[in-house]
Amino acid sequence: MLNKPTTEFTVTSGRPDKQRTDCVIVGVYESGKLSIAACALNRDGDGALSEAVKRGCFDAKLGSTLLLPYVPKLPCSRVLLVGLGKEKDFHGAEYTKACQAAGTALAGLKATEVVAYLPELYVRERSLDWKVEQAVVAFAEALYRFEPFKRRSEPAPGVVKIALGVPGRRELKDGETGLVRGRATADGLVLTRDLANLPGNVCTPSYLADVAQQLAEGTASRVEVLDETQIAELKMGSFLAVAQGSVEPPRLIVLEHRGADNPDEAPVVLVGKGITFDAGGISLKPAADMDAMKYDMAGAAALLGVFRAVQALMLPLNLVVVIPTCENLPSGQALRPGDIVTTMSGQTIEVLNTDAEGRLLLCDALTYALRFKPAVLIDVATLTGACVVALGHVASGLFCNKQSLARELIAAGDDSGDRVWPMPLFDDYQKQLDSPFADLANIGGKAAGSITAACFLSRFVGETDWAHLDIAGTASRKEGATGRPVRMLLQYLQHRVERRNGGTPSPAPAQDSAALLWENADR
Ligand code: BES
Ligand code: ZN
Ligand code: ZN
């Protein structure tokens, strides 16, 4: 059911004017200046590229593209020009944008073999391996399709081979390093997007558990899948209460990657919401757009994608992924508003709205996660509509009890373009969760819905350094799953390894405004 990688990426030090291929991709600055590869094509191609710019066919604004269907004397069939904008403003983010634009243009072409000379562009403070990595991810993302349920008489046309041009032979090794990283990230993203795009009748809790088991098979990773009885033995009364409305049995998935030199090093523990369909339960959701609630396991999907990439990269750190997964459906056995459940932590919860179910599974999964004595605990969840109202589809909501961790996550977001934005966890919000009948209620009223949801979770993490990412607005769009926040999390883990090795994550994030805002906030 899931996508197998169909595009093959390689690096080449071959000259652009010698490529016998369907399409060669080169960059042009807004000033009309041609990149080195574009110059070579222009020289051998009777000045066709500079002519196109001179005649005003191409403004070369960042992210614009122009396809030259024929350039005389060149062995390639076509040339794709990519606008780079102003040379002085061409930084990492602009480079990534240019790669994305090239990928989008490619997706619309019938080209099977392509050579792209974007990694040879100069990008301040960025290494060649970084540029190759970004190009691989951008192309793979742009060419991603989810069509397992579309019947076709013939296979979809698509780009099969993409070679990335590097300046010379000596750069091939660095290029290869970038390829490996790019492929690992791209494969992780594909897994995440595929899983999130699958409908609820296919991607059930047991399906997610099978995927986890397949990820671990034949590797050094450990996997454990707990069934309903084992979940009951752990006394996860809150998680089970959500699951009881559905005939699909719940699962608790635990994956472990012990990559650190010291296998006992405190792990990073990631917890992901895995509601494979959220109808709201007895507090039934309205019919409009309810289908989008198949994405309510996007947190779980993101963590499986991150785990896949961490395995492929053999990252030298210890990582544990914990995924509570079930459905949230109404039925004669379903949890009722007013019911009181007892969590694994012993705290009792008055369930005032069965549609606020994410926190009901996460609280038990967080309690379970504490068993691993995490160095850092991060949960990822499509938790609240309120977070979509607050931050839209641009930034994921970040709630954190430790400033240094928040800073690191914000930096990872800035650096990867998969941004997060800090939200407050002031104590003053906690009283909204008071219940006359139990230790706490599962909703905190209309005001500050994403914050009270985070406050609820904060009651289950003790003193552990913890962050909660609300991805309700960022994990999916109308067109499908986005794969967020896989890139941010991978960047965070990579930075963490670099920091532990005594380096500073390179380079410092260009845009540090969010971190400043967080630091200056009166907490
Ligand atoms: N899965 C939803 C949150 C959600 C909303 C995700 C929109 C993606 C897009 C969650 O379980 C939910 O229903 N939350 C309720 C909480 C409320 C009842 C306090 C919500 O946001 O309306
Ligand atoms: Zn819900
Ligand atoms: Zn939900």
Side-chain angles (χ1 to χ4, degrees), residues 196-197 200 203 205 208 238-239 241-246 248 250 271-302 323-330 334-339 349-365 379-397 399 423 429 432-435 440-457 468-482 484-485:
N197 282 327
C203 186
L208 283 179
S238 182
F239 174 20
V242 177
Q244 78 193 31
S246 167
E248 284 291 341
V271 176
K273 173 177 174 183
I275 291 288
T276 57
F277 190 74
D278 181 11
I282 296 296
S283 314
L284 192 63
K285 285 183 181 294
D289 297 329
M290 202 205 269
D291 55 291
M293 285 300 128
K294 70 171 183 175
Y295 299 119
D296 213 19
M297 36 59 74
I323 295 173
T325 172
C326 69
E327 292 190 307
N328 186 26
L329 297 185
L335 180 66
R336 289 159 287 257
D339 283 2
I349 300 167
E350 185 186 13
V351 179
L352 294 175
N353 189 319
T354 65
D355 196 13
E357 85 297 341
R359 60 199 83 179
L360 295 177
L361 17 153
L362 289 172
C363 65
D364 279 341
D379 75 75
V380 185
T382 45
L383 204 63
T384 64
C387 193
V388 191
V389 174
L391 298 173
H393 306 286
V394 177
S396 305
F399 303 81
M423 300 279 281
Y429 291 105
Q432 286 180 237
L433 295 170
D434 287 350
S435 156
L440 72 165
N442 82 325
I443 53 171
K446 274 214 173 73
S450 68
I451 301 173
T452 51
C455 285
F456 180 97
L457 298 178
H468 156 61
L469 296 167
D470 194 332
I471 57 166
T474 51
S476 66
R477 285 186 247 111
K478 256 206 291 301
E479 310 83 59
T482 60
R484 294 180 67 181

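Please read all numbers here as calculations on a predicted model, not as lab measurements. Start at 1 and go down the list; that is how both ligands and their atoms are numbered.
Nearest approach of Met290 to Lys285, heavy atoms of both residues: CE-O, 3.4 Å. Here the closest heavy-atom approach between residue His468 and residue Asp379 is recorded as ND1-OD1, 2.5 Å. Taking all atoms of both residues into account, the shortest heavy-atom contact from Ile349 to Cys363 is CD1-SG, 4.0 Å. Residues Val271 and Pro324 approach most closely at CG1-CD, 4.4 Å, considering heavy atoms. Between Phe277 and Leu329 the shortest heavy-atom distance is CD2-CD2, 3.9 Å.
Residue contact check: Glu357 has heavy atoms under 4.0 Å from atoms 11 (O) of ligand 1. Listed by atom number, the atoms of ligand 1 under 4.0 Å from Asp296 heavy atoms are 1 (N). Heavy-atom contacts of Asn353 reach the following atoms of ligand 1: 18 (C) (cutoff under 4.0 Å). In the vicinity of Thr382, heavy-atom distances shorter than 4.0 Å reach the ligand 1 atoms 1 (N), 2 (C), 3 (C), 6 (C).
The Zn ion (ligand 3) forms the vertex of an angle spanning OE2 of Glu357 and NZ of Lys273; to the nearest 10 degrees it equals 90°.
When non-hydrogen atoms are compared, ligand 1 lies under 4.0 Å from the side chain of Ile443 (C-beta onward) but not from its backbone. Contacts of Lys273 with ligand 1, taken as heavy-atom pairs under 4.0 Å, involve the side chain alone.
Ranking protein heavy atoms by distance to atom 10 (C) of ligand 1, first place goes to Leu383 O, 3.3 Å. Shortest contact from atom 12 (C) of ligand 1 to any protein heavy atom: Asp355 O, 3.1 Å. Among protein heavy atoms, the minimum distance from atom 20 (C) of ligand 1 is reached at Gly385 N, 3.9 Å. Regarding atom 7 (C) of ligand 1, its nearest protein heavy-atom neighbour is Met293 CE, 3.7 Å. The protein atom (non-hydrogen) at minimum distance from atom 2 (C) of ligand 1 is Asp278 OD2, 3.6 Å.
For the atom pair CD of Glu357 and CG of Asp355, the computed distance is 6.0 Å after rounding to the nearest 0.5 Å. The distance from the CG atom of Leu208 to the OG1 atom of Thr325 is 4.5 Å, given to the nearest 0.5 Å. Here CZ of Phe456 is found 5.5 Å from CG of Leu360. Values are rounded to the nearest 0.5 Å.
In this structure, atom 22 (O) of ligand 1 is not in close contact with the protein, since no protein heavy atom lies within 4.0 Å of it.
Considering backbone and side-chain atoms alike, Lys285 places an N or O below 3.5 Å from some N or O of ligand 1. Inclusion of Thr384 in the set of residues having an N or O under 3.5 Å from an N or O of ligand 1 is not warranted. Inclusion of Ala356 in the set of residues having an N or O under 3.5 Å from an N or O of ligand 1 is not warranted. Where the criterion is an N or O separation shorter than 3.5 Å, residue side chain and backbone included, Arg359 fails it with respect to ligand 1.
At a cut-off of 2.8 Å, Asp278 coordinates the Zn ion (ligand 3) through an N, O or S atom.
In this structure, Asn328 contributes its side chain and Thr354 its backbone to a donor-acceptor pair below 3.5 Å. Side-chain atoms of Asp278 never come within 3.5 Å of backbone atoms of Asp296 as a donor-acceptor pair (strictly under, hydrogens ignored). Distance alone, capped at 3.5 Å, is enough to place a donor-acceptor pair between the Gln432 side chain and the Ala447 backbone.
Side-chain contact between Arg484 and Ser396 is present, with at least one heavy-atom pair separated by less than 4.5 Å.
Within Asp296, OD2 is the N, O or S atom that lies nearest to the Zn ion (ligand 3).
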